[in-house]
Trainee: 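Sending over a structure as C-alpha cells; questions will come in a sec.
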Amino acid sequence: METDPQGTNQRIWHVVASIPQGRVSTYGDIARFAGLGRAARRVGWALRQLPSDTRVPWHRVINSAGKLSLPSTSDAGRLQRKRLEKEGVTVRSGDRIALATYRWIPGDTCR
DNA sequence: CATATGACGTCCT
DNA sequence: GAGGACGCCATAT
C-alpha cells in the first residue's frame with residue numbers, strides 16, 4: 001500500500017498542491033513532510049513525472065538555496081519564473097528568491 | 001550486481 | 001555569499 005511507488009508520487013503531489021498561491025517551498029521540506037526523510041531528490045523525480053496538463057503547482061517548489069532548480073534556458077524554467085512572478089513572487093537575477101519572505105512549511109496553518 | 005545521473009541538502013573552505 | 005565535496009534516494013543502463 002504505502003509501498004506503491006505511484007502512491008509515493010501521489011503523496012508528494014498532494015503536498016505540493018497544498019502550497020498556497022504566492023508562496024514557495026523546498027524539495028527537502030516536502031520530502032520530510034511526506035515521510036520520505038532526506039529524499040529531496042525523490043521529490044524532484046516525482047515532479048518531473050508530472051504531465052504537462054497537471055493542476056499541481058510544481059512551480060512553487062525550489063531548492064534550499066532559494067533558487068530555481070530548473071535551468072533558466074529551458075522552457076520549464078521560463079514557465080516557472082513566469083508563473084511565480086504572476087503570483088506576486090519576486091524572482092531576482094540568477095533565478096533567486098527571498099526564502100525568508102516567501103518560504104512556506106507544509107502543515108503550517110499560518111499563511 | 002556495479003556505475004552513472006538527476007527539478008537536492010548539508011558541511012566546509 | 002559563492003563554489004566544491006560528500007551524502008541520500010530512486011531509476012536507467
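Just so it is clear: chains get the letters A, B, ... in the order the sequence lines come, proteins before strands, and each one is counted from 1.
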Trainee: Indicate the atoms forming the closest heavy-atom contact of A:Ser25 with A:Pro106, along with that distance.
Mentor: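 Minimum heavy-atom contact is OG-CD, 4.0 Å.
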Trainee: Could you tell me whether the phosphate oxygens of C:dA10, OP1 or OP2, come under 4.0 Å of any side-chain nitrogen or oxygen in A:Arg42?
Mentor: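 No, outside the criterion.
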Trainee: Base, sugar-phosphate, or nothing: which does A:Arg32 touch, judged by heavy atoms less than 4.0 Å apart?
Mentor: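 No contact at all - A:Arg32 keeps every heavy atom at 4.0 Å or more from the nucleic acid.
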Trainee: Salt bridge check, A:Asp75 against A:Arg78: does any charged N sit closer than 4.0 Å to a carboxylate O?
Mentor: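 Salt bridge present between A:Arg78 and A:Asp75.
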Trainee: Specify the closest pair of heavy atoms between A:Ala39 and A:Ala31, including all atoms of both residues, with the distance to one decimal.
Mentor: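 Scanning both residues, the minimum pair turns out to be O-CB, 3.6 Å.
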Trainee: How long is the line joining CG of A:Leu68 and C1' of B:dG6, in whole Å?
Mentor: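 One finds 17 Å between C1' of B:dG6 and CG of A:Leu68, rounded.
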Trainee: If we only count heavy atoms from C-beta on, is the A:Leu79 to A:Leu70 side-chain gap below 4.5 Å?
Mentor: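 With C-beta onward as the side chain, the pair stays apart.
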Trainee: How long is the line joining CG of A:Leu36 and P of C:dC8, in whole Å?
Mentor: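 Distance check: A:Leu36 CG to C:dC8 P gives 16 Å.
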Trainee: Distance check needed: C:dC9 C1' versus A:Asn9 CG, whole Å only.
Mentor: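 Computing the A:Asn9:CG to C:dC9:C1' distance gives 13 Å.
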Trainee: So that I can tick it off, tell me whether A:Arg23 and A:Glu87 are bridged by a salt bridge, with the cut-off set at under 4.0 angstrom between side-chain N and carboxylate O.
Mentor: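 Salt bridge: no.
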Trainee: If you only use heavy atoms from C-beta on, which nucleotide in B:dA7, B:dG9, C:dA10 is closest to the side chain of A:Leu47?
Mentor: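 For the A:Leu47 side chain, the nearest candidate turns out to be B:dA7.
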Trainee: Given atom CG of A:Leu50 and atom P of B:dG6, what is their separation to the nearest angstrom?
Mentor: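 From A:Leu50 CG to B:dG6 P: 19 Å.
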Trainee: Side chain of A:Leu70, heavy atoms from C-beta onward: which of B:dA7, C:dA10, C:dC9 has the nearest atom to it?
Mentor: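 Looking only at heavy atoms from C-beta outward on A:Leu70, the closest nucleotide is B:dA7.
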Trainee: Using atom OH of A:Tyr27 as one end and atom P of C:dC9 as the other, report the distance to the nearest whole Å.
Mentor: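 Rounded to whole Å, this separation is 19 Å.
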Trainee: Rounded to whole angstroms, how far apart are CG on A:Asn63 and P on B:dT10?
Mentor: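 From A:Asn63 CG to B:dT10 P: 11 Å.
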Trainee: Can you tell me how far P of C:dC8 sits from CZ of A:Arg38, to the nearest Å?
Mentor: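 One finds 7 Å between P of C:dC8 and CZ of A:Arg38, rounded.
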Trainee: Rounded to the Å, how far apart are A:Arg41 CZ and C:dC6 C1'?
Mentor: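 From A:Arg41 CZ to C:dC6 C1': 11 Å.
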Trainee: Between A:Ala40 and A:Arg96, which has a closest nucleotide on DNA chain C that is more 5'?
Mentor: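 By nearest-heavy-atom nucleotide position, the 5'-most residue is A:Arg96.
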Trainee: Under 4.0 Å from OP1 or OP2 of B:dC8: is there any side-chain N or O of A:Ser69 that close?
Mentor: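 Yes.
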